[in-house]
Each structure stands twice: as structure tokens, then as C-alpha cells.
Number of protein chains: 2
Amino acid sequence: MSTQTTRKRVRRVSAQDEPPLDQGALLDLIGYNCRRAYLDIMALFSLRMEKYALRPVDYTTITLVNTNPNITPKRLARAINVSPPNLGPLLERLETRGLLERRPNPSDKRSQVLALTPEGRALCSKADKTANQLENEATAMLTGNERRELLRLLQKIYL
Amino acid sequence: MSTQTTRKRVRRVSAQDEPPLDQGALLDLIGYNCRRAYLDIMALFSLRMEKYALRPVDYTTITLVNTNPNITPKRLARAINVSPPNLGPLLERLETRGLLERRPNPSDKRSQVLALTPEGRALCSKADKTANQLENEATAMLTGNERRELLRLLQKIYL
DNA sequence: TATTGTTATACTCTATAACTATA
DNA sequence: TATAGTTATAGAGTATAACAATA
């Protein structure tokens with residue numbers, strides 16, 4: 001073994017008696033760090049959202065339809081980064097579960113408008129609470145100010 | 001020789017005359033914001049790294065092997081979140097390109113040790129520079145202090 | 001002619017079980 | 001019996017072309 005003996009407090013990555021590996025230049029990249037933090041949070045997301053059978057994309061979808069009633073599939077597809085052909089089956093599943101309705105657009109017979117059913121709104125409300133709880137849990141090492149600052153900086157990048 | 005240029009779509013601009021949609025509760029979620037920022041940065045990553053034919057996972061791999069010479073595939077697989085069966089073809093490609101070597105582990109004939117070739121180290125060095133440039137470009141709206149603070153907060157979550 | 005949503009399809013990514021050769 | 005790496009395979013996730021109905 002070489003000279004790396006910094007013996008940091010090993011959290012999740014290294015198993016057994018493995019020395020932690022040097023992440024080198026990666027630690028200076030925002031993209032890399034965003035992904036690592038994202039994966040950690042999403043691991044907990046999957047766990048906590050399992051009881052609702054909601055994948056991340058499902059949760060994003062019902063939340064967006066909830067706050068943007070009568071949105072068209074076209075706009076939704078762009079918003080959640082799903083191509084129109086792939087959005088079909090996603091909406092189909094949510095509709096089959098009785099959470100979402102696709103109705104013909106009165107002003108354009110080609111398109112549709114989306115809305116949550118009462119069941120969909122109820123589930124969305126519960127899922128929102130769970131999402132906030134799990135986020136607080138996954139980011140419990142941050143103070144309130146740090147959490148708000150992190151949100152601000154991330155949004156500065158993409159918004 | 002199929003040099004396929006994937007014309008990545010630039011986001012951030014709502015298409016045509018569409019009103020921007022309300023992201024609602026999502027904007028308060030660190031996970032959601034990490035993903036959005038990550039996708040923005042990675043769009044530029046794909047563009048700038050195209051000339052090296054390095055996908056994100058390829059870049060992470062050669063960087064990690066570079067800073068951790070003689071690492072085993074097992075440890076590497078855990079570090080980059082790739083299952084051992086899926087790591088094989090990845091290393092095979094890098095080896096075929098003459099960037100990486102898999103050598104038998106002298107102390108355990110079951111396993112191997114990985115190292116970059118001189119060509120691999122040269123490419124890694126260039127890719128590192130490009131990665132830093134593209135990151136600075138993608139996060140140009142942040143001040144130096146904001147950038148360092150963002151790194152600190154993200155690492156606080158997963159490290 | 002252009003657009004919405006759908007169908008069909010293919011390509012990538014990821015996950016799992018079973019195999020081999022060592023230990 | 002356990003482990004490192006491989007093989008085979010299946011399932012997600014994602015991308016594009018072509019089509020029908022409508023504008």
C-alpha cells in the first residue's frame with residue numbers, strides 16, 4: 001500500500017477493511033459531486049416511496065400535473081425530460097392506477113389535457129410530505145441555512 | 001467509422017411561446033435540484049468530451065485508475081457504482097484503445113490490478129483540463145466562493 | 001404543410017444468476 | 001466454503017422514424 005493513510009471517517013463506500021480510494025480531481029467537479037449527492041438522496045427516496053409505488057419520474061409527474069392542471073403531455077414531456085413516445089406508457093400506468101386523467105383538449109382535438117383525480121391529489125399530498133421528510137433525513141448534516149444556500153446555488157446553475 | 005454527432009438540445013429556454021411551468025414543491029427538494037444542475041453540466045460535458053470519446057463513466061474510470069494505480073476491478077466497480085459484470089466490457093474498451101492495462105495480481109491469481117498506459121495518462125491529463133474548463137463554463141454564474149461553498153455542501157451530504 | 005400523440009424499434013444502462021479459477 | 005472476474009441474459013431507461021388525426 002502507498003502513502004495514503006488519511007484514515008478519514010469511512011461512511012458508505014468502502015467495505016470491510018478496504019482503504020478508502022483517492023477520488024483525486026473528481027472531488028473538485030461540481031457535476032461529479034451533484035451526482036454523488038443525488039444518488040445518496042435517491043437511495044432513500046426509493047426506500048421511502050416504495051409504499052406508494054412511485055418512481056422518481058412518477059412523483060415528478062404527478063407533482064407537476066398537480067401544480068399545473070390541464071397541462072398537455074407535450075409540455076409535460078419537455079419538463080420532465082421524457083420523450084413523447086416514452087411518456088405514453090408512463091401516463092397510461094398512472095391513469096390505470098386511477099391517479100391521473102387524460103381528457104381531450106376542447107380547443108385542439110389533436111391534443112389532451114392532464115389532471116389528477118381526487119385519489120391522485122391525495123396521493124400527491126402524502127408523497128410530498130414523505131419527500132420532504134426523506135430529504136430532511138438525507139441532508140440532516142446540513143443546517144437550515146446551509147440547506148437554503150445549497151438550493152440557491154444549485155438553482156443558480158440551471159434556472 | 002460512425003462518428004455520430006448527437007445534437008444535444010439546449011435547455012433553460014422554454015420552447016417557443018410557452019409559458020414556463022410551475023415546478024411547485026420540487027424546487028424545495030435538494031435531490032431534484034442536484035439532478036437538474038447535474039443534467040445541465042453533463043450536457044456540456046458530453047459536448048466537450050466528444051473529441052476524446054469519453055463518456056462520464058470512462059472519464060471517472062481513467063481518473064480513478066490514474067490516482068489509484070494498481071487498484072483492483074472489484075474496488076473500482078464499487079467506487080464508480082458499476083456492477084462487476086458491467087465493468088468487464090468497460091475496461092475491455094479502454095484496454096483496446098490502449099489507455100489502460102489489466103495485469104494479473106501477483107499476490108492473488110484470481111484478481112487483477114489496473115494501471116493507465118502512458119497514452120492513458122496523457123489522455124487523462126488532457127481530459128482533466130477539459131473537465132475543469134467545461135465546469136467553469138457551466139457554472140460561470142457562480143463566484144469562486146459560491147463554487148467552493150457548493151462543493152463543500154454537496155460533499156457534506158455524501159462523504 | 002406542421003403538430004399531437006402513438007406505434008414500433010433499437011440502443012444503452014443496469015441488475016442478477018451461474019460459471020471458472022483460484023483462495 | 002468464499003472470492004474475483006466472466007458469461008449470459010433480462011429488464012429498465014432512452015432515442016428516433018414513421019404513422020394517423022387534426023390544425
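We use all heavy atoms of the structure for the numbers below, so side chains are in, but hydrogens, waters and symmetry mates are not. Letters go in sequence order (proteins before strands), and every chain restarts at 1.
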(message) What is the separation between atom CG on B/L90 and atom C1' on D/dT7, rounded to the nearest whole Å?
(response) 17 Å
(request) Using heavy atoms to find the nearest nucleotide of DNA chain C for A/R102 and B/V82 separately, return the residue whose nucleotide is more 5′. (result) A/R102
(message) Does the protein touch nucleotides 8-13 of chain C at the base, only the backbone, or not at all? Give it as B, S and - per nucleotide, heavy atoms under 4.0 Å.
(response) B----S
(request) Using atom CZ of B/R103 as one end and atom C1' of D/dG5 as the other, report the distance to the nearest whole Å. (result) 18 Å
(message) Once side chain to side chain contact (heavy atoms under 4.5 Å, CB included) is applied, do any residues pair with A/E137, and if so which ones, sequence neighbours excluded?
(response) A/L44, A/R48
(request) Could you state the atom-to-atom distance from CD1 of A/I71 to P of C/dG5 in whole Å? (result) 10 Å
(message) Going by side-chain hydrogen bond (donor to acceptor under 3.5 Å, both in side chains), name the pairs with one or both residues in residues 22-35 of chain B, residues two or more places apart or in two chains.
(response) A/Q155-B/N33, A/Y158-B/N33, B/Q23-B/Y32, B/Y32-B/R36
(message) Restricting to side chain to side chain contact (heavy atoms under 4.5 Å, CB included), what partner residues turn up for B/N86, sequence neighbours left out?
(response) B/V82, B/S83
(message) Angle between the end axes of the helix from C/dT1-D/dA23 to C/dA23-D/dT1, five pairs per end, to the nearest 10 degrees?
(response) 10°
(request) Could you pull out all residues at least two apart from B/E146 that satisfy salt bridge (charged side-chain N to carboxylate O under 4.0 Å, His left out)? (result) A/R152, A/K156
(message) Using heavy-atom distances to pick each residue's nearest nucleotide on DNA chain D, tell me which of B/P73 and A/S83 is more 5'.
(response) B/P73
(request) Any salt bridge (Lys or Arg N to Asp or Glu O under 4.0 Å) involving residues 105-116 of chain A? Give me the pairs, sequence neighbours left out, ordered by first then second residue. (result) A/D108-A/R110
(request) Return the value, rounded to whole Å, for the distance between atom CG of B/N81 and atom P of C/dT14. (result) 9 Å
(message) Using whole Å, what does the distance between atom P of nucleotide D/dG5 and atom CZ of B/R78 come to?
(response) 10 Å
(request) Write out all pairs satisfying salt bridge (Lys or Arg N to Asp or Glu O under 4.0 Å) with one or both partners inside residues 83-98 of chain B, taking only residues at least two apart or from two chains. (result) B/E92-B/R102, B/E95-B/R102
(message) Assigning hydrophobic clusters by single linkage (Ile, Leu, Val, Met, Phe, Trp, Tyr; side-chain heavy-atom cutoff under 4.5 Å), is A/V113 placed with A/I62?
(response) no
(request) List in chain and number order the residues that pass side chain to side chain contact (heavy atoms under 4.5 Å, CB included) with A/S125, two or more places apart in sequence or in another chain; answer none if no residue qualifies. (result) A/K129
(message) Can you measure B/L87 atom CG to C/dA15 atom P for me and round it to whole angstrom units?
(response) 14 Å
(request) Would you kindly give the CD-to-C1' distance between B/E92 and D/dT7, to the nearest whole Å? (result) 13 Å
Distances under 3.5 Å between nitrogen or oxygen atoms of protein and nucleotides 19-23 of chain C:
| unit_1 | atom_1 | unit_2 | atom_2 | d |
| --- | --- | --- | --- | --- |
| C/dA23 | OP1 | B/K109 | N | 2.8 |

(message) Using whole Å, what does the distance between atom P of nucleotide C/dG5 and atom CG of A/N105 come to?
(response) 8 Å
(request) With sequence neighbours excluded, give me every side-chain hydrogen bond (donor to acceptor under 3.5 Å, both in side chains) pair touching residues 57-70 of chain A. (result) A/R55-A/D58, A/Y59-A/D128
(request) Go through the structure and list residues passing side chain to side chain contact (heavy atoms under 4.5 Å, CB included) with A/E135, not counting sequence neighbours. (result) A/I41, A/R147, B/L29, B/I30
(message) Using a 3.5 Å distance criterion without hydrogens, assess whether the side chain of A/T139 forms a donor-acceptor pair with backbone atoms of A/L142.
(response) no
